[in-house]
Amino acid sequence: MAYKPGDDIVSTSIVFKIASFIVFYILLYPLAWIVCKLWYRFKIHGQQNLKGISKAVSVSNHTMFFDPVIIATVFFPKRVHQTLLEATVTAPFLGTLTRLLGGVPIPRRDTGFAALKKGGEVIFKNSGYFHFYPEGECYLYNNVPKKFHPGAFVISVLLDVPVVPIVSVFHEKGKRPSVDIFVMEPVYPNDFGVLQKDNSINKDALNTYIDTVYSKILKKIQDEKGTGTYYRGAMERIPGINKE
């Protein structure tokens with residue numbers, strides 16, 4: 001079950017799917033949810049915006065170590081696949097564990113985008129959710145998201161699924177912040193004319209699509225009076241695993 005560069009980023013193996021179900025639903029997710037809930041006292045708002053959305057790319061600001069647990073909770077009991085660094089997934093034990101929990105590596109090769117598109121096709125084949133952290137790094141407790149990379153949005157365009165923005169907003173609550181998670185209304189790529197008749201990408205339209213989603217996330221943080229008091233900068237990578 002270990003991942004090696006060049007493997008399919010989303011496994012279709014029956015054995016893998018069974019092991020993933022056991023690890024996620026029975027062993028680790030319940031414990032991780034309890035720890036995360038006690039630590040951050042998070043609340044989720046707007047899950048009704050997912051009604052009728054059977055498949056989508058979702059994006060969020062990346063602000064906490066436990067973001068994957070919270071994102072999994074947003075979609076629970078349905079599963080969501082979440083992107084992460086390829087270096088993390090290639091680590092012997094941690095790599096297998098993260099894949100079983102729904103982690104999808106972002107390949108660093110020239111064929112990486114094609115692999116992401118293929119992975120998205122597998123995820124969406126029988127409905128599903130594909131989550132991206134478009135800032136590319138975790139910025140702890142940040143209330144002003146960094147610039148978004150385009151990958152999630154291009155996948156949305158090419159596979160004709162909406163983007164669902166999800167935003168973490170922090171409020172002062174002692175030594176640790178409390179966290180409100182907002183699931184926003186889906187944004188559809190067809191509204192921006194990104195995909196042209198020859199199936200090429202209109203870069204200006206793509207940038208407008210990205211900026212629209214980014215602006216919605218930033219505005220939500222501002223409207224909810226999110227605090228930057230706890231900001232700690234980029235989260236340290238793990239030496240020997242994902243630190244170059």
Side-chain angles (χ1 to χ4, degrees), residues 8-12 17 20 24-25 29 42 44-63 67-84 99 101-106 112-136 145 148-169 180-195 199 201-202 205-221:
D8 288 338
I9 62 173
V10 178
S11 176
T12 56
K17 289 180 179 180
S20 179
F24 180 82
Y25 284 104
Y29 175 75
F42 70 88
I44 298 176
H45 313 267
Q47 284 173 295
Q48 69 274 10
N49 288 322
L50 294 173
K51 187 176 181 180
I53 307 298
S54 61
K55 52 187 177 182
V57 165
S58 56
V59 298
S60 68
N61 50 337
H62 197 1
T63 56
D67 274 339
V69 178
I70 292 176
I71 294 300
T73 303
V74 165
F75 293 97
F76 193 85
K78 293 184 178 180
R79 291 290 302 275
V80 57
H81 288 78
Q82 304 187 48
T83 55
L84 71 167
R99 287 193 79 207
L101 292 173
V104 176
I106 300 178
F113 187 79
L116 278 175
K117 181 174 180 288
K118 181 179 178 182
E121 290 170 344
V122 172
I123 293 169
F124 299 141
K125 184 176 181 180
N126 297 308
S127 299
Y129 305 100
F130 198 1
H131 187 79
F132 287 74
Y133 299 98
E135 294 168 280
F148 283 178
H149 295 289
F153 301 90
V154 176
I155 294 295
S156 161
V157 169
L158 295 181
L159 299 184
D160 193 23
V161 297
V163 161
V164 175
I166 300 173
V167 55
S168 301
V169 180
D180 285 286
I181 312 298
F182 294 91
V183 182
M184 306 180 75
E185 294 182 354
V187 182
Y188 291 85
N190 290 339
D191 292 343
F192 299 88
V194 181
L195 192 65
N199 288 325
I201 297 290
N202 182 314
L206 176 65
N207 288 333
T208 300
Y209 184 26
I210 296 169
D211 290 345
T212 297
V213 173
Y214 177 91
S215 296
K216 286 178 179 291
I217 288 176
L218 181 59
K219 185 176 185 301
K220 191 64 177 176
I221 295 171

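Not measured: the values here are computed from a predicted model. We're numbering straight along the sequence, starting at 1.
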Ser156 side-chain N/O to Ala152 backbone N/O, donor-acceptor pair under 3.5 Å: no
Hey, are the side chains of Tyr129 and Val164 touching, using non-hydrogen atoms and a 4.5 Å cut-off? no
Just verifying a value: how many Å separate Thr63 OG1 and Ile181 CD1, rounded to the nearest 0.5 Å? 7.0 Å
Could you report the tightest heavy-atom contact between Pro186 and Pro162, atom names first, then the distance? CB-CB, 3.9 Å
Looking at Leu195 and Asn199, what are the two nearest heavy atoms and their distance? CD1-O, 3.5 Å
Distance check, rounded to the nearest 0.5 Å: Tyr133 atom OH versus Ile166 atom CD1? 8.5 Å
Hey, what do you get for CG (Leu50) to OG (Ser58), rounding to the nearest 0.5 Å? 8.5 Å
What are the two closest heavy atoms between Ala205 and Asn202, and how far apart are they? N-OD1, 3.0 Å
Is the shortest distance from a Lys or Arg side-chain nitrogen in Glu121 or Lys117 to a carboxylate oxygen in the other one below 4.0 Å? yes
Trace of the side chain to side chain contact (heavy atoms under 4.5 Å, CB included) decision for Val154 with Leu158: CA-CA 6 Å; Val154 176; Leu158 295 181; 3.8 Å; yes
Which pair of heavy atoms, one from Phe192 and one from Thr212, lies closest together, and at what distance? CE2-OG1, 3.4 Å
Tell me, with the steps shown, if Glu135 and Phe148 meet side chain to side chain contact (heavy atoms under 4.5 Å, CB included). CA-CA 5 Å; Glu135 294 168 280; Phe148 283 178; 3.8 Å; yes
Which heavy atom of Pro145 sits nearest to which heavy atom of Leu218, and what is that distance? CD-CD1, 3.9 Å
Evaluate the criterion side chain to side chain contact (heavy atoms under 4.5 Å, CB included) for residue pair Ile53 and Val161; output intermediate values, then yes/no. CA-CA 9 Å; Ile53 307 298; Val161 297; over 6 Å; no
Could you check Ser168 against Asp67 for side chain to side chain contact (heavy atoms under 4.5 Å, CB included), going step by step and ending with a plain yes or no? CA-CA 9 Å; Ser168 301; Asp67 274 339; 4.2 Å; yes
Pairwise distance CD1(Ile221) to NZ(Lys216) - rounded to 0.5 angstrom: 14.0 Å
Under 3.5 Å, which donor-acceptor pairs link side chains of residues 68-78 to any protein atom two or more places apart or in another chain?
| residue | atom | partner | partner atom | Å |
| --- | --- | --- | --- | --- |
| Thr73 | OG1 | Tyr29 | OH | 2.7 |
| Thr73 | OG1 | Val69 | O | 2.9 |

Could you grab the distance from atom CG of Leu84 to atom NE2 of His131, nearest 0.5 Å is fine? 11.5 Å
Taking ring-ring contact (aromatic ring centres under 6.0 Å, His included) as the definition, give me every residue that meets it alongside Phe124, ordered by chain and number, with sequence neighbours left out. none
Return the CE to OG distance between Met184 and Ser60, rounded to the nearest 0.5 Å. 12.5 Å
Quick check: closest heavy atoms across Thr12 and Lys17, and the distance to 0.1 Å? O-CE, 3.9 Å
Heavy-atom distance under 4.5 Å between the side chains of Thr208 and Val194, does that happen here? no
Would you say that Phe130 contacts Val10 through its side chain, given a criterion of any heavy-atom pair below 4.5 Å between the two side chains? no
Once ring-ring contact (aromatic ring centres under 6.0 Å, His included) is applied, do any residues pair with His45, and if so which ones, sequence neighbours excluded? Phe182
